[in-house]
Trainee: 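A single structure is presented below for examination.
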There are 2 protein chains.
Amino acid sequence: MNNNNKVTNDIDAIPSLVQSKRQIDRYNLDIDAQAILVASRLMAAGAKLGHASEIHFSRFGLSTGRYRLLADLEDNEGEELPSQLAEHLGVTRATVTGLIDILERDGLVSRRSSSDDGRQRSVILTEEGAKKLRQMAPEHFARLEAMVGLLNIDERSVFLDLLGRVTQGISALTGELGSKPKGNISNE
Amino acid sequence: MNNNNKVTNDIDAIPSLVQSKRQIDRYNLDIDAQAILVASRLMAAGAKLGHASEIHFSRFGLSTGRYRLLADLEDNEGEELPSQLAEHLGVTRATVTGLIDILERDGLVSRRSSSDDGRQRSVILTEEGAKKLRQMAPEHFARLEAMVGLLNIDERSVFLDLLGRVTQGISALTGELGSKPKGNISNE
DNA sequence: CTTATATAGTTAGGAACCTAATTATATCTC
DNA sequence: GAGATATAATTAGGTTCCTAACTATATAAG
């Protein structure tokens, strides 16, 4: 029952429609229970994916954030400023500093002071860092592809469309009540 | 350019299809770029939602985890064991202990030793905790509903179906290479 | 030129969640 | 009933990311 319990744990954590209904009914709110279910399921999925992602990257001695930093470096000729990395990854500069610290310690990137602007210290993908990316690519991408393997091509397009719109809607959580979501999303 | 920068940050962080293509092409892998895009977008959405959720609940003096614990208590007649809570929330018992500590400090729950089993200490939703849930319900659910407001009823069903299948696929990240995803998901 | 202000990166400290070890109680097995 | 084993909750310490404060350099205003 030990191992079994862990699996059950994940599955039981999936929010149900009856649960959503019950919560709404309790306060006599005029809310669509399925909408709440969508929100709850997306949160659960996001948390699950985040956790799985850390496990995935830990096999290569990386974390999700450190992999994303390396990949972004590779995508930019192997050299970027910390501020650019922060923007690309959608994290703060403070977080980038921490990611670089560990990657540098492990020899996957190095720091170089700029002569143009004494405040800047650009980050460089080392040969070892490039090798790491090369080595993990086949397994990494195969697993990502397998993850969406239960969806066919058309379904993937639909999913991207719907996910994009829900993602826009996330601002409803943080913005002013009753305001329309803003920001645009393209598939290119 | 200060405030503007923060908004741009989020938007730029959205992964693009060309980016996925470039990464796959670099290593001559036989992988569907759109599949990688789906995976990347879902990760980005999950992270964004997680962050927004914390901001949302902080308005009520709660965190996402602490709210979920209160809501689960309310859904179970206001009394549960920490181990049950851990299972329902999909977190470890250690995490539940930490959540309870703060909720108890704030007077929203209390702990009671069981006479049945001396190891158990059940958690009770206090009147103040119930009041907190009552007070936040209208705004909380209205915001959740608004979040999926860009999807009509049919689209919500489709999204739930597709999200469910992708969620099943997440095990491809953690499981053995080439193994089929397992576990079932119902909409009830 | 000097003072004020903006910007790049870092440091310090905090929140949320994790794993592993610990403590206390319960339940088997002989 | 005594010793081994299992279970409930907690504690200790680590990871990831955050905000806010700080340092150093660059730029603008007088």
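All values derive from a computational prediction rather than experimental measurement. We name chains A, B, ... by the order of the sequence lines, and we start the count at 1 in each one.
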Trainee: Looking at dT10(C), I'd like to know if its phosphate oxygens (OP1 or OP2) sit under 4.0 Å from a side-chain N or O belonging to Arg111(A).
Mentor: yes

Trainee: To the side chain of Thr92(B), which of dT19(D), dG9(C), dC18(C) is closest?
Mentor: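 The closest nucleotide is dC18(C).
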
Trainee: To the nearest angstrom, how far is Asp106(B) atom CG from dA15(C) atom C1'?
Mentor: 14 Å

Trainee: At under 4.0 Å between heavy atoms, what does Arg93(A) touch on the DNA or RNA strands: base, sugar-phosphate, or nothing?
Mentor: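 Base: the residue Arg93(A), judged by heavy atoms under 4.0 Å, touches a nucleobase.
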
Trainee: Give a yes/no on whether any side-chain N or O of Thr97(A) is located under 4.0 angstrom from OP1 or OP2 of dG9(C).
Mentor: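 For Thr97(A), the contact criterion (side-chain N or O under 4.0 Å from OP1 or OP2 of dG9(C)) is not met.
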
Trainee: Taking the side chain from Gln23(A) and the backbone from Ser20(A), do they hold a donor-acceptor pair closer than 3.5 Å?
Mentor: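 Judged by distance alone, no pair lies under 3.5 Å.
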
Trainee: Let me know the distance between CD of Gln120(B) and P of dT10(D), rounded to the nearest Å.
Mentor: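 Going from CD in Gln120(B) over to P in dT10(D) covers 12 Å.
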
Trainee: Evaluate whether atom CG of Asn152(A) has more than 12 neighbouring non-hydrogen atoms of other residues, nucleotides or ligands under 6.0 angstrom away.
Mentor: yes

Trainee: Are Asp32(A) and Lys21(A) ion-paired here, with the side-chain N under 4.0 Å from a carboxylate O?
Mentor: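 No, Asp32(A) and Lys21(A) are not salt-bridged.
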
Trainee: Do any N or O atoms of the protein come closer than 3.5 Å to N or O atoms of nucleotides 13-16 of chain D, and which pairs are they?
Mentor:
from	atom 1	to	atom 2	distance (Å)
dT16(D)	OP1	Ser63(A)	OG	3.4
dT16(D)	OP1	Arg66(A)	NH1	3.1
dT16(D)	OP2	Arg66(A)	NH1	3.3

Trainee: Over all heavy atoms of both residues, which pair between Ser110(B) and Thr126(B) is shortest? Give the atoms and the distance, please.
Mentor: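 Minimum heavy-atom contact is N-CG2, 3.8 Å.
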
Trainee: From CD1 of Ile55(B) over to C1' of dA16(C), roughly how many Å is that when rounded to an integer?
Mentor: 14 Å

Trainee: Where the side chain of Ser63(A) meets the backbone of Arg66(A), is there a donor-acceptor pair that is under 3.5 Å apart?
Mentor: yes

Trainee: Take the protein atom CG of Leu89(B) and the nucleotide atom P of dA9(D), then report the distance between them rounded to whole Å.
Mentor: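 It works out to 13 Å between those atoms.
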
Trainee: Within the structure, does a side-chain N or O atom of Ser83(B) lie under 4.0 Å from either OP1 or OP2 of dA9(D)?
Mentor: yes

Trainee: Distance check needed: dC17(C) P versus Leu85(B) CG, whole Å only.
Mentor: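 Nearest whole value for this atom pair: 13 Å.
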
Trainee: Please work out which of the three classes, parallel, tilted or perpendicular, describes the rings of Phe57(B) and His140(B), given edges at 30° and 60°.
Mentor: tilted

Trainee: Whole-Å distance between dA9(D) P and Asp101(B) CG?
Mentor: 13 Å

Trainee: Just how far, in rounded Å, is C1' of dA8(C) from CD of Glu87(A)?
Mentor: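 After rounding, the gap between these two atoms is 14 Å.
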
Trainee: Can you confirm whether the side chains of Gln34(B) and Ser157(A) place a donor and an acceptor under 3.5 Å from each other?
Mentor: yes

Trainee: Please write out the pairs of protein N or O atoms and N or O atoms of nucleotides 20-26 of chain C separated by less than 3.5 Å, giving the distance to one decimal.
Mentor:
from	atom 1	to	atom 2	distance (Å)
dT25(C)	O3'	Gly118(B)	N	3.4
dA26(C)	OP1	Gly118(B)	N	2.7

Trainee: Over all heavy atoms of both residues, which pair between Lys48(B) and Thr167(A) is shortest? Give the atoms and the distance, please.
Mentor: NZ-O, 3.5 Å

Trainee: Assign each of Val96(A) and His51(A) to its nearest nucleotide of DNA chain C by heavy atoms, then name whichever residue's nucleotide is nearer the 5' end.
Mentor: Val96(A)

Trainee: According to salt bridge (charged side-chain N to carboxylate O under 4.0 Å, His left out), who are the partners of Glu145(B), at least two apart in sequence or on a separate chain?
Mentor: none

Trainee: Just the rounded figure in Å: distance from C1' of dC17(D) to OH of Tyr67(A).
Mentor: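 The distance from OH of Tyr67(A) to C1' of dC17(D) comes to 20 Å, rounded to the nearest Å.
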
